[in-house]
Amino acid sequence: MADDAAPRVPPTHEIIIVPPAGHEGRHDLLQQCIQVRIAVFVTEQGFPLEVEVDEHDPTATHWLLRLLPSLEPIGTIRAHKVEHAGGSYYKLARLVVLKEYRHYKFGRSLVLALHNWAKDNARYSGVVDFVNIVCYSQAVRSDSPGAVAFYRKLGYEEEGDLFDEDGEPHQKMVVRLSLSE
Ligand SMILES: CC(C)(COP(=O)(O)OP(=O)(O)OC[C@H]1O[C@@H](n2cnc3c(N)ncnc32)[C@H](O)[C@@H]1OP(=O)(O)O)[C@@H](O)C(=O)NCCC(=O)NCCS
């Protein structure tokens, strides 16, 4: 196998779930999640700093990807539950991996951690059949590949037309996860 086709071996790492609101350690770990988001969404991609932290951050569930043994934060993702007239779904948001750590399957691992949590959370709430996850993916732009193709690889499908969020095109994507798996 040629060197450039060899699988990339990820650096030693862990994915932790940030303690829930009101629990010790949440503030510092949440700030680390937000700093990684700012490095990617604001510094790298040019989204406005004012919209980065929103009303969901104080209560949402957050995951932090960090290197071992340094504990350097390199990625994050967040979820919150949305109740509506016909039921509920989980909203996936704020997924980032620092540029120098991409293509190690870290993004995939963060999404799968969120999926497992959502399935457990739904079962705990008495749901028995399936759970829906919704995300608003960045669409392809002249200066960015977006993330639609990334989410498709994780089973997500496009729903509806492109729409503007924070000045850039986004695509609603949805996956239905069976609770029997
Ligand atoms: C999107 C992002 C989180 C992906 O993280 P990553 O760790 O590089 O992704 P992974 O290594 O887990 O990739 C998993 C698969 O998706 C593919 N993939 C990764 N990023 C992709 C992209 N932007 N478009 C299409 N495919 C992509 C990989 O090639 C890999 O494919 P394979 O399983 O066939 O080998 C990362 O590129 C990122 O932080 N981007 C900037 C922020 C962003 O756009 N976040 C999403 C907001 S909606």
Side-chain angles (χ1 to χ4, degrees), residues 1-18 30 32-57 60-68 70 72-80 82 89-118 132-175 177:
M1 183 187 287
D3 279 354
D4 60 2
R8 281 163 64 81
V9 178
T12 309
H13 64 280
E14 66 177 356
I15 294 176
I16 60 161
I17 194 158
V18 173
L30 178 53
Q32 292 178 32
C33 294
I34 292 169
Q35 288 309 314
V36 180
R37 284 160 37 180
I38 289 172
V40 175
F41 288 130
V42 180
T43 308
E44 178 190 335
Q45 296 190 318
F47 284 93
L49 179 61
E50 311 83 78
V51 301
E52 187 40 51
V53 175
D54 69 10
E55 72 277 15
H56 299 297
D57 280 317
T61 301
H62 300 261
W63 288 258
L64 184 63
L65 165 67
R66 55 190 189 180
L67 297 179
L68 292 174
S70 68
E72 178 190 343
I74 61 166
T76 188
I77 194 170
R78 156 188 115 174
H80 66 273
V82 179
Y89 63 86
Y90 294 86
K91 176 84 189 295
L92 176 167
R94 301 302 198 264
L95 167 63
V96 295
V97 173
L98 291 183
K99 197 166 191 172
E100 56 269 45
Y101 294 105
R102 290 183 194 153
H103 300 292
Y104 283 115
K105 313 275 185 189
F106 284 148
R108 176 184 173 85
S109 297
L110 285 164
V111 172
L112 294 180
L114 184 153
H115 284 183
N116 286 334
W117 169 86
N132 287 326
I133 316 285
V134 174
C135 74
Y136 295 167
S137 170
Q138 291 183 22
V140 180
R141 308 195 303 262
S142 59
D143 59 344
S144 162
V148 169
F150 166 82
Y151 287 116
R152 274 198 207 124
K153 290 190 173 196
L154 288 154
Y156 287 75
E157 294 179 356
E158 290 96 321
E159 194 175 284
D161 298 328
L162 291 179
F163 62 94
D164 178 283
E165 188 176 63
D166 303 327
E168 297 294 347
H170 283 73
Q171 173 67 57
K172 180 178 178 182
M173 300 189 76
V174 181
V175 67
L177 305 174

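No hydrogens, no waters, no symmetry mates; every other heavy atom, side chains included, goes into these values. Everything numeric in this text was worked out from a predicted model, so none of it was measured. Read the numbers this way: they start at 1 and go in the same order the structure lists the ligands and their atoms.
Closest approach of His115 and Val175 over heavy atoms only: NE2-CG1, 4.1 Å. In plain terms, the two heavy atoms of Ala60 and His80 that are nearest each other are CB-CB, 4.2 Å.
Side-chain atoms of Arg94 never come within 3.5 Å of backbone atoms of Ile34 as a donor-acceptor pair (strictly under, hydrogens ignored). With hydrogens and angles disregarded, no donor-acceptor distance shorter than 3.5 Å links the side chain of Arg141 to the backbone of Glu168. No donor-acceptor distance shorter than 3.5 angstrom exists from the side chain of Arg37 to the backbone of Thr76, with no hydrogens or angles considered. Judged by distance alone, the side chain of Asp57 and the main-chain N or O of Asp54 form a donor-acceptor pair under 3.5 Å.
For the pair Val96 and ligand 1, the shortest N or O to N or O distance does not fall below 3.5 Å.
For atom 41 (C) of ligand 1, the nearest non-hydrogen atom from the set Gln138, Arg102, Gln171 comes from Arg102. In the candidate list Val97, Leu110, Leu95, Ile74, Leu95 is nearest to atom 46 (C) of ligand 1, counting heavy atoms.
Scanning all protein heavy atoms for the shortest distance to atom 22 (C) of ligand 1 gives Gly146 O, 3.7 Å. Shortest contact from atom 9 (O) of ligand 1 to any protein heavy atom: Phe150 CE1, 3.6 Å. Looking from atom 8 (O) of ligand 1 to the surrounding protein, the closest heavy atom is His103 N, 2.8 Å. With respect to atom 34 (O) of ligand 1, the closest heavy atom belonging to the protein is Lys153 NZ, 2.7 Å. Given atom 12 (O) of ligand 1, the protein heavy atom at minimum distance is Arg108 N, 2.8 Å. Among protein heavy atoms, atom 5 (O) of ligand 1 sits closest to Gly107 CA, 3.7 Å.
Listed by number with element, the atoms of ligand 1 under 4.0 Å from a non-hydrogen atom of Pro145 are 23 (N). Each of the atoms 48 (S) of ligand 1 lies under 4.0 Å from some heavy atom of Tyr136. Interface of Phe106 with ligand 1, defined as ligand atoms under 4.0 Å from a residue heavy atom, comprises 7 (O), 12 (O). Of all atoms in ligand 1, numbered sequentially from 1 with element shown, those under 4.0 Å from a heavy atom of Tyr104 are 11 (O). Atoms of ligand 1 found under 4.0 Å from any heavy atom of Val40 (numbered from 1 in listed order, with element): 41 (C), 42 (C).
A perpendicular orientation is assigned to the rings of Trp117 and Tyr90, their planes being inclined by more than 60° (bins at 30° and 60°).
Contacts between Gln45 and ligand 1, counted as non-hydrogen atom pairs separated by less than 4.0 Å, involve the side chain only. Of all the heavy atoms of Lys105, the ones lying under 4.0 Å from any atom of ligand 1 are found in both the backbone and the side chain. Neither the backbone nor the side chain of Phe47 has any atom closer than 4.0 Å to an atom of ligand 1 (non-hydrogen atoms only).
Here the rule is side-chain hydrogen bond (donor to acceptor under 3.5 Å, both in side chains) with Gln138, and of Gln171, His170, Gln45, Glu165 only Gln45 fits it.
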